[in-house]
Amino acid sequence: METTSSYQQLGSREIRVLMLEPGDASDRLVCRLGTWPLSAENDYEALSYTWGGQTPDVPIECDGCQVLVTRNLDIALRHFRHQYAGVRKLWVDAICIDQSNLKEREAQVSIMKAIYHFAKTVLIWIGEAGPEGDIAFEALHRIRQDFRDELPDLETLLDGHVLEEYTAIHSYFGHKSGRRELNEPFSETSMAFSSSTAPWDALRSLLHREYFSRVWIIQEIALGRQLIMHCGSHSIDYDIFVLLWDYCSFLINHKSSGKWRYLFPRVHSLQMCRLGVNRGEPISLPYLLAFSKAAHSTDPRDKVYAMIGLYSWNSPRIDYAKHEALVFGTAALHCLGAQPPTNQAEWPINPANPAVLSFMGPTEFHAEYDVPSWIPDLTSRNGNYRVMSSIHAGNVYCAGGSFDFKAEWNAEEAPNIVVMKGYTVGQVDAVAEVEPPLSESWIQEPWGQDMVPQLIRWKWKRLRNLLGFMLSGQPNQPYESLHRTSWSMLIGDLTETFQKATNEFLYSCSDYLDLVPLFLDATSEQNDEDTSETLAQQALEGSSLQSRMRMLELVERLGPMMDRVEAAFDLWLERKLGRLLSGHLVWLPRCAEIRDKVCIFAGAKWATALRPDGDDHYKILGDAYVHGMMFGEVMPKRVEELQDIRLR
């Protein structure tokens with residue numbers, strides 16, 4: 001048998017389909033390839049899986065030749081092939097694309113969106129089950145039964161139309177949970193189920209599998225017409241899986257919320273992309289790039305290439321010969337509204353989107369390749385994008401007023417510089433002491449037993465230091481107290497429903513404002529090594545009798561306000577608190593320093609921190625929040641009053 005496979009050249013709209021022969025579990029994998037025109041009429045299934053960083057070293061037989069695949073793919077193909085009769089027609093990228101042919105890879109990647117959209121079914125393979133997988137799917141079975149018992153009027157949706165009704169069901173869950181006490185489960189079944197942490201830990205482990213971190217699954221899940229998720233011998237309709245997971249988020253809202261708040265949004269955001277595609281709604285490129293930035297990809301350029309299929313059906317030409325900096329820069333220029341390079345003129349013409357500013361800021365990528373600061377580093381999974389570009393908050397703020405957001409770029413005369421209209425609002429005069437950053441492992445990796453108390457200790461120490469800095473200054477507006485300013489800063493001047501906080505809302509927080517000094521006094525007595533998991537325990541252990549009595553009152557009265565601060569935790573999670581020369585408080589990127597500038601670009605949603613870079617040029621440090629300026633309060637009314645801000 002030959003050790004390599006011979007691929008025939010494909011036409012512009014042709015694909016290869018894998019014909020997988022039947023066999024027992026132990027039989028050698030045998031298949032053949034057929035060339036098909038890409039059409040919705042074709043009867044094939046597309047496989048969505050992860051290469052897993054594995055070396056292709058497992059041989060299978062394809063068209064009489066030996067082809068090497070990864071162990072994960074070998075296991076998946078053995079699972080999906082029929083046992084006795086009939087071939088199974090699959091599209092599998094590792095085999096159906098000639099991976100040694102760069103031009104073919106580029107051509108096939110450019111039509112990947114159509115391949116998954118036209119597939120009869122997208123088969124999601126997240127790996128072998130193992131003990132935790134068995135527990136997780138048993139948990140899903142019990143949650144599904146709980147769903148049927150508790151919400152019989154929605155039971156029929158489990159048999160179809162889940163995707164079309166997802167938003168209505170999500171709102172219904174919120175309505176149901178809003179009528180219950182915070183720590184009351186939905187039913188006796190879920191109450192008994194929630195008494196053990198093993199099912200929740202198994203479900204959490206399911207979402208920590210490598211599959212869910214891949215950048216390409218965003219497109220594959222969003223575009224698939226029908227999705228079936230497989231874990232070993234277990235399977236479930238993916239839309240029902242998301243529905244049950246959504247239901248779980250309300251069941252466990254009262255339980256270990258610190259762990260879960262960073263897991264469910266990952267599933268929810270995937271489903272929002274899927275819903276947008278299903279409804280024909282446009283999805284902004286910055287939103288997609290924010291999603292891909294947090295995902296894994298073997299090739300950094302796929303952070304863009306995997307997303308543009310969702311952004312535009314007629315996507316730009318895929319070119320893996322380009323350096324990732326050029327690929328990222330092209331996407332950034334498109335988002336900034338600047339003229340794209342001539343060889344990328346096929347990018348769709350859409351309005352510029354200021355959300356791209358939230359990805360910008362100095363990283364090792366900029367130093368290594370000496371690229372301009374306005375080119376975002378999409379290679380890093382961490383960054384400022386998680387904070388100010390919140391889907392909810394980002395759509396509320398309008399710091400740049402009603403001006404059009406647009407950059408100017410001259411590819412021939414100054415290819416490293418973009419010019420934007422804006423207004424400089426001040427210079428950084430002071431910054432608060434910054435605690436060592438919290439390890440990203442508590443978000444990215446499976447949780448250890450010590451992570452919850454570690455997070456709580458870090459949060460309350462940081463909150464105490466932030467409030468101390470805020471209350472050490474002077475009000476920048478005569479009618480506003482420092483306590484009210486501090487409260488506004490902690491919640492981003494937004495209500496719990498992500499609306500601009502009204503005066504009535506802020507006045508309703510008078511209990512909190514009165515108790516700030518008490519909070520500072522009580523928490524200042526605490527040992528930073530305390531491992532208690534609640535504010536009350538932390539405050540009461542080792543405190544004076546007088547402080548204990550005060551803290552009992554504090555906990556009772558402050559609880560609802562702390563819930564709101566917790567909801568805005570991302571705003572100040574890894575921000576640096578500063579003060580401008582004008583006295584305005586500002587949330588800054590961690591890299592910001594005294595004498596850096598803060599500006600607001602015309603039409604932008606939030607402010608931007610800049611560092612002077614000689615002769616009227618600046619480098620972008622990241623997005624910023626300036627108290628009293630996030631709703632267009634200080635922007636000039638005429639475009640002639642704006643400044644030209646040159647970025648490089």
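None of the values given here were measured: they were computed from a predicted structure. What's counted below: heavy atoms across the whole structure, side chains too, no hydrogens, waters or symmetry copies. Just so you know, residue 1 is the first one in the sequence shown, and it goes up from there.
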Could you check whether any side-chain N or O of [X] sits under 3.5 Å from a backbone N or O of [Y], counting only pairs where one atom can act as donor and the other as acceptor?
X: E106; Y: Y320; answer: yes
X: T55; Y: D57; answer: no
X: K113; Y: G309; answer: no
X: R611; Y: D596; answer: no
X: Y305; Y: D319; answer: yes
X: H627; Y: L585; answer: no

Within the 4.5 Å heavy-atom criterion, are [X] and [Y] side-chain neighbours or not?
X: Y618; Y: T608; value: no
X: V215; Y: M307; value: yes
X: L647; Y: I645; value: yes
X: V425; Y: C599; value: no
X: D429; Y: L580; value: no
X: I221; Y: L227; value: yes

Do the charged groups of [X] and [Y] touch, with an N to O distance under 4.0 Å?
X: E220; Y: R214; value: yes
X: R209; Y: E132; value: no
X: D299; Y: R301; value: yes
X: D613; Y: R648; value: yes

Any side-chain donor paired with an acceptor under 3.5 Å for [X] and [Y]?
X: T363; Y: D377; answer: yes
X: H208; Y: S205; answer: no
X: S48; Y: Y211; answer: yes
X: Q643; Y: T424; answer: yes

Taking atom [atom1] of [X] as the centre, report whether more than 12 heavy atoms of other residues, nucleotides or ligands fall under 6.0 Å from it.
X: Y423; atom1: OH; result: no
X: E281; atom1: CD; result: yes
X: E641; atom1: CD; result: yes
X: D404; atom1: CG; result: no

Minimum heavy-atom distance [X]-[Y], with the two atoms named:
X: P376; Y: F328; value: O-CD1, 3.4 Å
X: A602; Y: F403; value: CB-CB, 3.6 Å
X: W125; Y: N72; value: NE1-OD1, 3.1 Å

Quiz prompt | Geometric class of the Y287/F291 ring pair [parallel <30°, tilted 30-60°, perpendicular >60°] | solution =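 Judged by the thresholds at 30° and 60°, the geometry between F291 and Y287 is tilted.
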
Is it true that Y397 and Y625 have ring centroids separated by less than 6.0 Å?
->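 Yes, close enough.
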
**Prompt:** Within 45° of the ring axis of F469 and under 6.0 Å from its six-membered ring centre, is that where the NZ or CZ of R579 lies?
**Reply:**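 Positive - R579 is close enough to the ring of F469 and near enough to its axis.
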
- prompt: Think K500 forms a cation-pi with F631, using NZ or CZ under 6.0 Å from the six-ring centre and within 45 degrees of its axis?
  reply: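 Output yes; distance and angle both within limits.
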
Worksheet entry | L336 and K406: CA distance, side-chain angles, deciding distance, side chain to side chain contact (heavy atoms under 4.5 Å, CB included) verdict | CA-CA 6 Å; L336 290 170; K406 185 176 177 61; over 6 Å; no

